[in-house]
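The structure under discussion appears below in the form of structure tokens.
A note on names: the letters A, B, ... follow the listed sequences, proteins ahead of strands, and every chain is numbered from 1. For clarity, every value in this text was computed on a predicted model and none was experimentally measured.
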Amino acid sequence: MQCMRILQLHCDYIEFTPVKKEIKSAEEIDPQPKHLDEVVVAFVAVEEGDNFDVAKKAMNEISESMKKIGCNKLLLYPYAHLSSKLASPNTALSVLKEMEMQEKGLEIQRAPFGWTKSYKIQVKGHPLAEHSKTISAGEEKEFTSEALKAESKIQSFWHIMTPDGKMHDIDKFNFAKHQSLEVLTKYEAAKKRSVDEPPPHVKLMKKLAIADYEPASDAGNMRFFPNGRLIKSLIERYVTEKVVEYGGFEVETPIMYDSHHPSMESYFNRFPARQYNVNSEGKQLFLRFAACFGQFLMAKDFQMSYRNLPLRLYELTRYSFRREQSGELVGLRRLRAFTMPDCHAMCKDMKQAKEEFRKRFDLSRQVIKGLGLDEADFEMAIRFTEEFYNENKELVEELVSKMGKPVLVEMWKERFFYFVLKWEFNYVDNLGKASALSTDQIDVENGKRYNIEFIDETNKPQNPIILHNSPSGAVERVIYVLLEKAAKDQREGRKPGLPLWLAPTQVRVIPVKPEFFDYCEKLSDKISQHDIRADIDDRNESVGKSIRDAETDWIRYIIVIGEKEVNASKLSIRDRKTGTVKELTMDELIREIKEETQNMPFLKMNMSRYVSKRPQIMV
RNA sequence: GCCUCGAUAGCUCAGCCUGGUAGAGCGAACGCCUCGUAAGCGUUAGGCCGCGGGAUCGAAUCCCGCUCGAGGCUCCA
């Protein structure tokens, strides 16, 4: 159906200058620059079939929403680019004039029609500032942006579900034994999020030379030092291995897309103004905010039969970009450029989708565990439409029961998003901030929207149901969680550390005197041959100083080499985990490390083995 | 976008209120020490005190504007 498209922006100001006539029927006007302050700008595209009725309806809606935001100055700005099915210029102009004529107690101005205009605009930041509408002659239809979710009519009902499948009222549930679930519940349901200190992982990420802000880039684009790159690579490798084991096929898709490609249009209706834009050779490109469209556009070009399903496509996006508002960015928790493992499964029907959904739930739990987190470290939330729940109670209850502890439930009266069921694992950090790690969704909308088709048993084309899963969540966020967890250990008097398989240095060898350098080098060589990251503190420092430095770097095993060790088979090994010095042979040590890191990926040391050769990155 | 805070040596910061020679610790370079499980000692180098303006005999310090950054709020497909 054709309908008028309006993008409505509440602005501090707009300034525009008619540059030249775009079409013959352009209005005859004096091309003077114009400046308006405190104004609502409505970019309007008139489509085929729009009439005066639509004009009236549109003005009703606009004045309605302007009342809400308390602004009565309106600029109607003809804007053809919102539509690919434009009305003829004559019709469009008369519809626009009709809109201008509507008496709504507003101060209405109109930018000239048919001119190329240059303009400068400053849009306000409040939630109601951006708004897009489509208005048709028939029934009223309004796409509300995600930013307006709270304002929209969708209603959420919050509950707690216990592992036995029972639903509890959140006000009556006893949170005594489930404190972080309580935090998550308040965070989500009541939107209570007041904090007045920076999260502790920010200091740690610098101190451990993992990552830092890059002032020459945009906010939320971090730089990762060798240690951070190593940790990221290991996590990426681990997650990828697990997804491939599960049956995912790894692909790679472009990081930028044409904003005017038809497939992107509907996305922009729903989620405006949160992406980075890049202009190149007259094209308006945007940087991807997820791997979804890349994989959907790819799957659309596959010839698929129901026999091929489920088909699992996987990509580790480095990067996905989301231009979050500057004030929302926090250390490694929330970034504008982040690495996201993203796995979609195309399923032939709901039965298969549910089966697949279970597998991925298990996969995600396994991945999270491998990353060093257990059930006590995160809280699950599950969200669904009422209809889906009534038809699939057994699936929801099964997942909650597997989780083995109470879970936050959000239920919607109607489907608003593209999915009918979604769960996520949320980490609740030291300041009571919740952020999502793993997640999976059952998407019943995008198969059709992207025209992805498979041929079913009866030789008919069908759109698949698509699952969206990130088994770990953003890789940077995983690091944030590990550091926050370490900070918690530190605060509660335990020694902080990283999982051994992620430690940039696993074993440090320290000579008592320089004359033992050679011996240390040979020892570290031998240990390294077993895929263990071992280095040598070859600086001419006191033993005390070297040990202190190794401790503050969270190095798990410290071997001090002196007279005694050179002449004996046992090594004296300081184990950070126990805080004691123990005597082990090299083989025993190697065995212990291999056991603790088994089945986890390995990468060689990403820095000089010689501490004296390393630049000082952070103090 | 709004609010708060910040910007001084490579890093972390003091000095600012009450204007008058630019400070410390860490790190770096050099030297001494040759060391047994969390900091050995000394010397040296290193500064457009974010940018622009104002009042003042005189500004890192007071006033105004700007830029950049961080955190919080809103938000997070």
Donor-acceptor pair under 3.5 Å, N540(A) side chain vs C32(B) base:
no
Distance in angstrom units between E214(A) CD and A70(B) P, rounded
11 Å
What is the nucleic acid contact for V512(A), judged by heavy atoms within less than 4.0 Å: base, sugar-phosphate only, or nothing?
base
With a 4.0 Å limit, can you tell me whether K203(A) has a side-chain N or O closer than that to the phosphate oxygens OP1/OP2 of A70(B)?
no
A24(B) and G15(B): how far apart are their C1' atoms, nearest whole angstrom?
11 Å
For atom CD of E252(A), decide whether the heavy atoms of other residues, nucleotides or ligands shown that lie under 6.0 angstrom number more than 12.
no
Go through the side-chain N and O atoms of D537(A) and Y610(A) and say whether any donor and acceptor fall under 3.5 Å apart.
no
Counting any heavy atom closer than 4.0 Å, what does E563(A) reach on the DNA or RNA strands: base, sugar-phosphate only, or nothing?
base
Between E379(A) and S180(A), do the side chains contain an N or O donor and an N or O acceptor separated by less than 3.5 Å?
yes
What contact category does G331(A) fall into here, base, sugar-phosphate, or nothing, at under 4.0 angstrom with non-hydrogen atoms?
sugar-phosphate
Give a yes-or-no answer on whether the side chains of Y276(A) and D218(A) include a donor-acceptor pair shorter than 3.5 Å.
yes
Could you label the plane-to-plane angle of the F425(A) and F378(A) rings as parallel, tilted or perpendicular, counting under 30° as parallel and over 60° as perpendicular?
tilted
First encountered from the 5' end of RNA chain B, between A434(A) and L329(A):
L329(A)
Rounded to whole angstrom, note down the P distance from U37(B) over to C17(B).
50 Å
Taking the side chain of V581(A) as heavy atoms from C-beta outward, which of G27(B), U37(B), A77(B) is closest to it?
U37(B)
In whole angstroms, the gap separating P of G25(B) from NZ of K545(A) amounts to 14 Å
D342(A) atom CG is separated from A77(B) atom P, nearest whole Å, by 13 Å
Quick one: on RNA chain B, does V330(A) or K422(A) contact a more 5' nucleotide (nearest heavy atom)?
V330(A)
Would you measure the distance from the P atom in U67(B) across to the matching atom in A22(B) and give it in whole Å?
31 Å
So G544(A), base contact, sugar-phosphate only, or nothing? Heavy-atom distance under 4.0 Å.
sugar-phosphate
Can you measure E565(A) atom CD to G36(B) atom P for me and round it to whole angstrom units?
12 Å
Is the phosphate of G40(B), meaning OP1 or OP2, less than 4.0 Å from a side-chain N or O of S542(A)?
yes
Do other residues, nucleotides or ligands put more than 12 heavy atoms under 6.0 Å from the CD atom of E387(A)?
no
Range-with-range stems of RNA chain B (Watson-Crick or G-U pairs under 3.5 Å, three or more in a row)
B:1-7 with B:67-73, B:10-13 with B:23-26, B:28-32 with B:40-44, B:50-54 with B:62-66
What integer number of Å spans the P atoms of A59(B) and G54(B)?
12 Å
Same-atom distance (C1') from C48(B) to C5(B), integer angstrom:
25 Å
If the P atom of U18(B) is compared with that of U61(B), how far apart are they to the nearest Å?
14 Å
Given the structure, check if the side chain of R334(A) and the base of C75(B) hold any donor-acceptor pair shorter than 3.5 Å.
yes
What is the distance, rounded to the nearest whole Å, between atom NZ of K513(A) and atom P of C35(B)?
4 Å
Atom CD1 of I547(A) and atom P of C35(B) are separated, to the nearest Å, by 15 Å
From the list A38(B), U37(B), G72(B), which nucleotide is the closest neighbour of the side chain of K495(A)?
A38(B)
Going by atom types only, do Y519(A) and E565(A) share a side-chain donor-acceptor pair under 3.5 Å?
no
Do R574(A) and A38(B) have a side chain to base donor-acceptor pair shorter than 3.5 Å?
yes
When Q295(A), Q441(A), R312(A) are each screened for side-chain hydrogen bond (donor to acceptor under 3.5 Å, both in side chains) with H344(A), the one that passes is Q295(A)
Using a cut-off of 6.0 Å, state whether more than 12 heavy atoms not belonging to K613(A) lie near its atom NZ.
no
Take atom NZ of K564(A) and atom C1' of U37(B), then tell me their distance rounded to the nearest Å.
10 Å
Which value, in whole Å, describes the distance between the P atoms of nucleotides G31(B) and U8(B)?
33 Å
How far, in whole Å, is G69(B) from C32(B) if one measures between their P atoms?
47 Å
Any side-chain N or O of Y213(A) below 4.0 angstrom from OP1/OP2 of G71(B)?
yes
Check whether more than 12 heavy atoms from other residues, nucleotides or ligands sit under 6.0 Å from atom NZ of K582(A), and answer yes or no.
yes
From CG of D212(A) across to P of G10(B) the rounded distance in Å is 16 Å
Could you check whether E324(A) gets within reach of a base, just the sugar-phosphate, or nothing at all, counting any heavy atom under 4.0 Å?
sugar-phosphate
